[in-house]
Number of protein chains: 2
Amino acid sequence: MTERKKLTLKDIAKELGISISTASRALKEHPDIADDTIKMVKDFAEKHHYVPNILAVNFRKNRTYNIGLIVPELVHHFFSTVISGAIDGAKKLGYNVLVSQSNDLLADETTACRTMLASSVDGLLISISNETLEADHLKEFLEEGKPVVQFDKITDHLNTPKVIVDDFEGAYQAVKHLIDQGYKKIAHIRGRREVKNANERALGYQKALEDHQMEQSSDWIKDCVHINEQEGYDFCEELLKSQNPPDAIFCITDLVALGVLKYLKEKQIAVPQEVGVVGFSNWKLAEIVNPGLSSVDQHGYEMGERSIVKLIQLIKDHNIENEEVIEIKTKLIIRGSSLKS
Amino acid sequence: MTERKKLTLKDIAKELGISISTASRALKEHPDIADDTIKMVKDFAEKHHYVPNILAVNFRKNRTYNIGLIVPELVHHFFSTVISGAIDGAKKLGYNVLVSQSNDLLADETTACRTMLASSVDGLLISISNETLEADHLKEFLEEGKPVVQFDKITDHLNTPKVIVDDFEGAYQAVKHLIDQGYKKIAHIRGRREVKNANERALGYQKALEDHQMEQSSDWIKDCVHINEQEGYDFCEELLKSQNPPDAIFCITDLVALGVLKYLKEKQIAVPQEVGVVGFSNWKLAEIVNPGLSSVDQHGYEMGERSIVKLIQLIKDHNIENEEVIEIKTKLIIRGSSLKS
DNA sequence: ATGGATTGTGCAAACGTTTGAAATTTTTTC
DNA sequence: GAAAAAATTTCAAACGTTTGCACAATCCAT
């Protein structure tokens, strides 16, 4: 194939009878260079399609304009939305995004981090795995002077900026909505106790009940482990077969809510009349199911975009000491599954 | 922060009283180098955590071990599955993946390509946008000697390897299944005529009808433009209100099928008893809806993995003349929406 | 005219690695 | 024991860019 020899600064310099340094400076309109020279060089460069060898530039400047992005799972509506926002945001600022997934395993996350570091990304954006507690592999980044920004699933063991959803408030609003709809006995199928988001949501749930003097019961709180459809189904069964069954269920995530809905449909229990259901995350499926599933939207796209903007800002400022917490407001999307009145 | 000075080959050489070149070769166990020397250097490197400056290596070798991946849409079950497979495959072979999306716009695709090229990826994996016909921006890649592999949505205007699903066969099997189930009047809501996959599926549909001497009618073929839920809904209405309404509908994709199901549910037309429905792609939603939507699985993960393996092979062989077509077998997933008997 | 700014340009080193070829040392052969 | 062969190591250039500093040229004020 053609693979024509690329034009370099040296070629331009020789051709124009100037030095390489002048050519280099002219192209970036350095104030030292005469306007005529600048014009001459730029015209020549344009005419001959000069494009700087980015590898040489990166090497010289010791940066890549690449950003690493690690999520627990790629095939996941929320995370792919975040990635989409991050990529679009990065593009606007002239950065590229290297994507990797941890499969929610600490081991995979660690190797992904190492690979990112080895391939010299300028910074890292990460939503940690369920298994991540200490964060030594992330500290390696900071030690190299490369900023890290955490989003969604975060650890407090690492001093970095964090972009999170206000899980507490989101859960609070969801439960308050159920209360407003007249539900009296509201259960919560919650996530793992080690995961911060899950705890925040549980706290929001509890606070909403307290603030409105609602009945509470430890029997109404069920702990997911895998956070999947089956658990939703099983816990729903448990809840409804107990001697004091709830009349509404707030679920840690839409997938779990889906299992709940499935059980209710199978048992011909009317939603939302007999039992109300609210999920979390507002996945695509929430609008697809029938009745539509009320859910708390997390604005994944915005989260991705703001995370990357923050990260790039840190990269540019050579700042790795920042610990700002950016909270994205959630939005309760009300659909049929909780609209009794 | 620390940001300790990185150890370089020069440091090792000086410390060990050898030359830089010896150190370099020793680390890669070059046969010219004495075993003792190799051991000495490797031990030293290990002990002091020497890690080569990848930027320098890349510059020197003129490659990055990064691969560009462009999809029409990131937040999309099928494409995120492909990306997942591509990333996992790349990881195994020591490559990273830069992800970008075209939003199905030629303009965005072109800039994404340029960015990828400018950031010196070693090769490109792409599923083209609906708007892409000529492929000049892709040719730029080949002209630079960088291989391109197309997958799923492809153009024949570019001579590259292609990894595709056997759309024809997938459609054929889907329609044959409907025939086997006893449906007599089978309609097809098809995709755009400019898109190859859509044409293949339409051909498979037609061939299945012919092979089984089924009734055909041009009125039973509807052309989508946006390929969304609404179109499915509207075309379903049109079809069923015509004077010769079909009793089964094969849809270009699950989203369209979803619209069809929605219409049927609203009109209380029994699925699958009165009308059978089959989609294509086997999105998550297919198992979520009720009744479950029969669909043709495209094995996205495998497609991503095989595409990247092929691409990396071309990169390693410096081969950009390959035009191999890899066909991934589809698999019909039968669910309630078409299971009459 | 002389000196001091000011302006524009070039020199050369530097970034860290790889690699062909030359140089050195060691081993083999007759 | 000298020449040839083999084994090991070093030299130095190269990759393309950026940048501190020196130099040269022009201008202005005295």
Length of the CG-C1' vector between A:Leu16 and C:dG10, whole Å: 15 Å
Heavy atoms of A:Pro52 and A:Val57 approach each other most closely as CB-CG2, 4.4 Å
Does CD belonging to A:Glu194 count more than 12 external heavy atoms closer than 6.0 Å? yes
Nucleotide D:dC15, atom C1' - distance to CZ of A:Phe59 in whole Å: 9 Å
Separation of B:Asp36 atom CG from C:dT26 atom P, in whole Å? 13 Å
Using a cut-off of under 3.5 Å, enumerate the N/O to N/O pairs linking the protein to nucleotides 17-23 of chain D.
unit_1, atom_1, unit_2, atom_2, d
D:dT17, OP1, A:Tyr50, OH, 2.4
D:dT17, OP1, A:Asn53, N, 3.2
D:dT17, OP2, A:Leu9, N, 2.6
D:dT18, OP1, A:Lys28, NZ, 3.3
D:dT18, OP2, A:Ser24, OG, 2.9
D:dT18, OP2, A:Lys28, NZ, 3.0
D:dT18, O2, A:Arg60, NH1, 2.1
D:dG20, O6, A:Arg25, NH2, 2.6

Distance (rounded to the nearest 0.5 Å) between A:Asp11 CG and A:Thr8 OG1: 3.5 Å
Interatomic spacing from CG in B:Asn53 to CG in B:Leu9 - rounded to 0.5 Å: 9.5 Å
Would you say that A:Glu327 contacts A:Ile164 through its side chain, given a criterion of any heavy-atom pair below 4.5 Å between the two side chains? yes
Atom CD1 of B:Ile18 and atom P of C:dT18 are separated, to the nearest Å, by 13 Å
Shortest non-hydrogen contact between A:Val148 and A:Thr160, atoms and distance: O-CB, 3.2 Å
Rounding to an integer number of Å, can you tell me how far A:Asp11 CG sits from D:dC15 P? 10 Å
Tell me the interatomic distance from B:Met40, atom CE, to D:dT8, atom P, rounded to whole angstroms. 13 Å
Tell me the interatomic distance from A:Ile33, atom CD1, to C:dT9, atom P, rounded to whole angstroms. 6 Å
In whole angstrom, what separates A:Asp35's CG from C:dT7's C1'? 12 Å
